[in-house]
Amino acid sequence: MPKTTFFKITARLPRFRADLLTWYAAHRRPLPWRQSRDPYRIWVSEVMLQQTQVATVIPYFEKWLQVFPDIAALATAPIDQVLKSWEGLGYYSRARNFHRAAGEVVARHNGEIPRDYAAFRALSGVGDYTAAAVLSIAFGLPYAVVDGNVKRVLARLLVLEAAANDPGAKILFQEKADQILDRNHPGDFNQALMELGATVCKPRTPDCPGCPVRVYCAGLHGQMQTQLPNRLAAKKTPLKHQVAVVPLWENQVVIRRRPAQGLLGGLWEFPVVERAETEPAKRVVGDLLNSEFGPGFDRLTPLGTVKHAYTHFKIEVSVFLAEATDSAPRSTVSENGKWINISELETYPFSKYNLRIIELLRKHLDPS
DNA sequence: AACACGGGGAC
DNA sequence: GTCCCAGTGTT
Ligand code: SF4
């Protein structure tokens with residue numbers, strides 16, 4: 001076993017920072033939001049990147065900038081257009097809060113994104129991470145970011161035993177990140193640490209031989225790098241059974257808007273109810289039709305089953321087409337619902353599983 | 001402190 | 001299937 005070089009990072013902080021920054025300058029990926037320091041563009045990217053991988057974000061980022069080129073355009077846009085541009089990205093409160101924050105920037109700061117930490121951090125949807133990221137990258141202010149990448153890299157580099165997904169450990173990680181931050185190059189240093197985590201110090205298999213800071217890595221030195229960071233065990237997610245119905249009359253279907261807050265808040269959906277596992281899906285959908293849409297639906301066709309996994313539960317949705325083939329059904333449906341033409345479906349924002357229902361519907365109506 | 005909140009990439 | 005991602009808000 002050959003001896004490997006190891007330096008305590010605390011004894012060589014300036015060298016560590018320089019090595020990391022040199023590596024970043026040579027290896028940074030040419031991502032769309034790295035083409036300028038426009039604080040709005042940086043902000044858009046940081047909101048989209050929350051809990052979302054780079055490859056997923058790129059097409060959404062490009063489209064968003066086309067539709068909402070600046071903070072004023074976002075502030076004045078209707079919420080349905082905002083959610084439609086976010087459709088498929090998940091965590092829709094990010095879109096709702098960003099939209100609200102744009103209004104706050106106009107109202108409180110004359111349309112100018114504030115450079116002051118307290119002022120920016122106070123905007124809707126802006127937490128510790130986003131405030132530090134935008135202010136350091138766009139304005140060069142010395143605030144250290146702590147995200148999943150940073151926690152993983154720090155846990156290995158410094159051998160921190162605290163669980164990365166324990167909210168109580170956040171203070172420790174923030175403290176360490178504050179200490180190693182290069183206050184002369186905070187934006188690049190923050191991005192370098194995250195880039196290292198995303199491309200080298202990866203969750204499963206860190207590429208230590210290719211790591212620019214391996215000589216400072218206590219985790220590698222102690223051969224503990226692959227078992228760090230520690231993590232609190234995840235809970236199991238229950239399975240919920242649901243029944244969704246697509247009421248159809250001529251070329252029209254019923255959709256409804258979900259409550260503005262909570263799961264998939266503000267998105268549209270086909271009428272859906274939960275059912276006990278033992279309850280026959282067909283009877284549940286019959287009851288739903290009678291209570292919410294009145295008589296007239298004389299043909300019920302199963303379209304299939306849609307499965308979807310959320311963070312805290314899974315759903316299995318039995319989908320039915322309910323047709324009124326004889327007489328017209330009631331024109332008014334429950335308060336949040338409405339009849340629309342099938343061709344209008346693409347103009348409303350839907351969740352992923354509802355988009356799959358639309359696929360099932362189109363396949364049934366036009367099997368080709 | 002614990003939980004709610006989407007969807008997808010990597011394995 | 002599991003893990004986990006450039007996190008934030010609510011209770
Ligand atoms: S040496 Fe390995 S474990 Fe340490 S920071 Fe680099 S990639 Fe991560």
Side-chain angles (χ1 to χ4, degrees), chain A residues 28-29 31-34 42-61 83 86-98 100-101 121-134 136-137 143-153 155 163-171 173-174 177 187 189-199 201-205 226 229-239 258-267 269 306-315 349-356:
Chain A
R28 70 204 294 264
R29 292 167 290 178
L31 303 174
W33 44 90
R34 288 179 174 165
I42 304 296
W43 190 3
V44 172
S45 74
E46 293 303 342
V47 175
M48 289 187 170
L49 285 162
Q50 291 167 17
Q51 299 292 286
T52 310
Q53 295 179 180
V54 165
T56 305
V57 166
I58 290 174
Y60 284 88
F61 177 84
L83 289 173
W86 206 270
E87 182 184 66
L89 247 195
Y91 283 162
Y92 298 92
S93 65
R94 292 183 291 172
R96 301 195 301 270
N97 284 332
F98 193 18
R100 186 176 309 128
R121 174 67 176 77
L123 299 170
S124 292
V126 176
D128 293 338
Y129 168 78
T130 305
V134 172
S136 66
I137 297 169
Y143 298 103
V145 299
V146 175
D147 74 331
N149 289 310
V150 170
K151 284 187 282 191
R152 182 173 59 257
V153 172
N165 60 343
D166 177 2
K170 192 183 169 185
I171 294 176
F173 286 108
Q174 184 70 61
F189 185 87
N190 278 333
Q191 292 185 83
L193 213 49
M194 294 190 283
E195 190 84 344
L196 186 74
T199 63
C201 197
K202 295 173 289 186
R204 311 256 191 172
T205 53
T226 54
N230 288 315
R231 191 161 274 282
L232 301 177
K235 291 174 182 172
K236 289 209 169 176
T237 58
L239 173 65
R258 295 179 58 86
Q261 309 299 325
L263 184 70
L264 309 174
L267 297 189
E269 68 180 3
V306 172
K307 295 182 183 184
H308 192 75
Y310 294 101
T311 308
H312 296 288
F313 58 91
K314 297 168 217 162
I315 57 172
F350 289 98
S351 70
K352 210 66 188 179
Y353 92 82
N354 272 277
L355 291 173
R356 289 206 212 112

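Just so it is clear: chains get the letters A, B, ... in the order the sequence lines come, proteins before strands, and each one is counted from 1.
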**Study point:** Nearest listed nucleotide, side chain of A:L264, among C:dG7, B:dG6, B:dG8
**Key:** B:dG6
Practice item. Ignoring backbone atoms, test whether A:Y353 places a side-chain nitrogen or oxygen under 4.0 Å from the OP1 or OP2 oxygen of B:dG6. Key: no
Check your understanding: What is the nucleic acid contact for A:K235, judged by heavy atoms within less than 4.0 Å: base, sugar-phosphate only, or nothing?
Key -> sugar-phosphate
Practice item. Assign A:S124 to base, sugar-phosphate, or nothing according to its heavy-atom contacts below 4.0 angstrom with the strands shown. Key: sugar-phosphate
Study note, to complete from the structure: Judged by nearest nucleotide, the residue sitting upstream toward the 5' end of DNA chain C, A:E46 or A:L123, is A:E46
Point to revise | Closest heavy-atom pair and its distance - A:V153, A:C201 | key: CG2-CB, 3.9 Å
Practice item. Please state how far atom NZ in A:K202 lies from atom C1' in B:dA10, giving the value in whole angstrom units. Key: 10 Å
**Study point:** side-chain contact (heavy atoms from CB on, under 4.5 Å) evaluation trace for A:Y143 with A:D128
**Key:** CA-CA 9 Å; A:Y143 298 103; A:D128 293 338; over 6 Å; no
Check your understanding: Base, sugar-phosphate, or nothing for A:R258, non-hydrogen atoms under 4.0 angstrom?
Key -> nothing
Point to revise | Atom-pair distance (CE on A:M48; P on B:dC5), nearest Å | key: 22 Å
Check your understanding: Among the nucleotides B:dG6, C:dG9, C:dA6, which one has an atom lying closest to any side-chain atom of A:R94?
Key -> B:dG6
Point to revise | Residues A:E195, A:R28: salt bridge by 4.0 Å N-O rule | key: no
Review point. Just to confirm, is there a sub-4.0 Å distance from OP1 or OP2 of C:dC5 to any side-chain nitrogen or oxygen of A:R152?
Key: yes
Exercise for review: Establish whether the base of B:dG7 is bridged to the side chain of A:T52 by a donor-acceptor pair shorter than 3.5 Å.
Suggested key: no
Review point. Within this structure, what is the NZ-to-C1' distance between A:K236 and C:dT2, rounded to whole angstrom?
Key: 11 Å
Exercise for review: Please work out if A:R29 contacts a base, only the sugar-phosphate, or nothing of the nucleic acid, heavy-atom cut-off 4.0 Å.
Suggested key: base
Exercise for review: Looking at every strand, decide which applies to A:N97 at a 4.0 Å heavy-atom threshold: base, sugar-phosphate, or nothing.
Suggested key: sugar-phosphate
Check your understanding: Roughly, in whole Å, what's the span from CG in A:L49 to P in C:dC5?
Key -> 13 Å
Point to revise | Nucleotide nearest A:Y310 when distance is taken to its side chain, options B:dG7, C:dG7, C:dA6 | key: B:dG7
Review point. How would you label the contact of A:T205 with the nucleic acid (heavy atoms, under 4.0 Å): base, sugar-phosphate, or nothing?
Key: nothing
Exercise for review: Take atom CD of A:Q51 and atom C1' of C:dG9, then tell me their distance rounded to the nearest Å.
Suggested key: 13 Å
**Study point:** Nucleotide of C:dG7, B:dG6, C:dT2 approaching A:D147 most closely (side-chain heavy atoms)
**Key:** C:dG7
Practice item. Report the distance from atom NZ of A:K170 to atom C1' of C:dG9, rounded to the nearest whole Å. Key: 12 Å
Check your understanding: Between C:dT8 and B:dG9, how far is it from one P atom to the other, in whole Å?
Key -> 23 Å
Review point. Picking from C:dA6, B:dG9, B:dG7, which would you name as closest to the side chain of A:H308?
Key: B:dG7
Practice item. For A:V150, report the nucleic acid contact type (base, sugar-phosphate, nothing); a contact means any heavy atom under 4.0 Å. Key: nothing
Review point. So does A:L232 have more than 12 non-hydrogen atoms from other groups sitting under 6.0 Å from CG?
Key: yes
Point to revise | A:V54 or A:V126, whichever maps to the more 5' nucleotide of DNA chain C | key: A:V54
Study note, to complete from the structure: note: A:I137, atom CD1; C:dA6, atom P; distance rounded to Å ~ 13 Å
Check your understanding: If you find the nucleotide of DNA chain B closest to A:S351 and the one closest to A:L232, which residue's nucleotide is nearer the 5' end?
Key -> A:L232
**Study point:** Rounded P spacing from C:dA6 to B:dC11 in Å
**Key:** 14 Å
Practice item. Classify the side chain of A:T311 versus the base of B:dG6 as yes if they form a donor-acceptor pair under 3.5 Å and no if they do not. Key: yes
Check your understanding: Is there a stack between A:Y91 and B:dG6, judged by ring centres under 5.5 Å and planes under 30°?
Key -> yes
Point to revise | Nucleotide nearest A:T56 when distance is taken to its side chain, options B:dG7, B:dG8, C:dT8 | key: B:dG8
Check your understanding: Which of parallel (below 30°), tilted (30 to 60°) and perpendicular (above 60°) describes A:Y310 and A:H308?
Key -> perpendicular
**Study point:** side-chain contact (heavy atoms from CB on, under 4.5 Å) between A:D147 and A:M194, intermediate numbers included
**Key:** CA-CA 8 Å; A:D147 74 331; A:M194 294 190 283; 3.5 Å; yes
Exercise for review: Could you work out which one of C:dG7, B:dG6, B:dA10 sits closest to the side chain of A:R204?
Suggested key: B:dA10
Exercise for review: Using a 4.0 Å heavy-atom cut-off across all strands, classify A:G88 as base, sugar-phosphate, or nothing.
Suggested key: sugar-phosphate
Exercise for review: Tell me whether the OP1 or OP2 atom of B:dG8 has a side-chain N or O from A:K352 closer than 4.0 Å.
Suggested key: yes
Practice item. Among the candidates B:dG9, B:dG6, C:dG9, find the nucleotide nearest to the side-chain atoms of A:R121. Key: C:dG9
Check your understanding: Base, sugar-phosphate alone, or nothing: which one does A:W86 contact when heavy atoms must sit under 4.0 Å apart?
Key -> nothing
Review point. With a non-hydrogen cut-off below 4.0 angstrom, is A:D128 in contact with a base, only sugar-phosphate, or nothing?
Key: sugar-phosphate
Exercise for review: Check the angle between the aromatic planes of A:F61 and A:W33 and answer parallel, tilted or perpendicular using the 30° and 60° thresholds.
Suggested key: perpendicular
Practice item. Round to a whole Å and report the spacing from CZ of A:R231 to C1' of C:dC5. Key: 9 Å
Review point. Short question: side chain of A:R231, backbone of A:N165 - any donor-acceptor pair under 3.5 Å?
Key: no
Practice item. By nearest nucleotide on DNA chain B, pick out whichever of A:R356 and A:G262 is the more 5' one. Key: A:G262
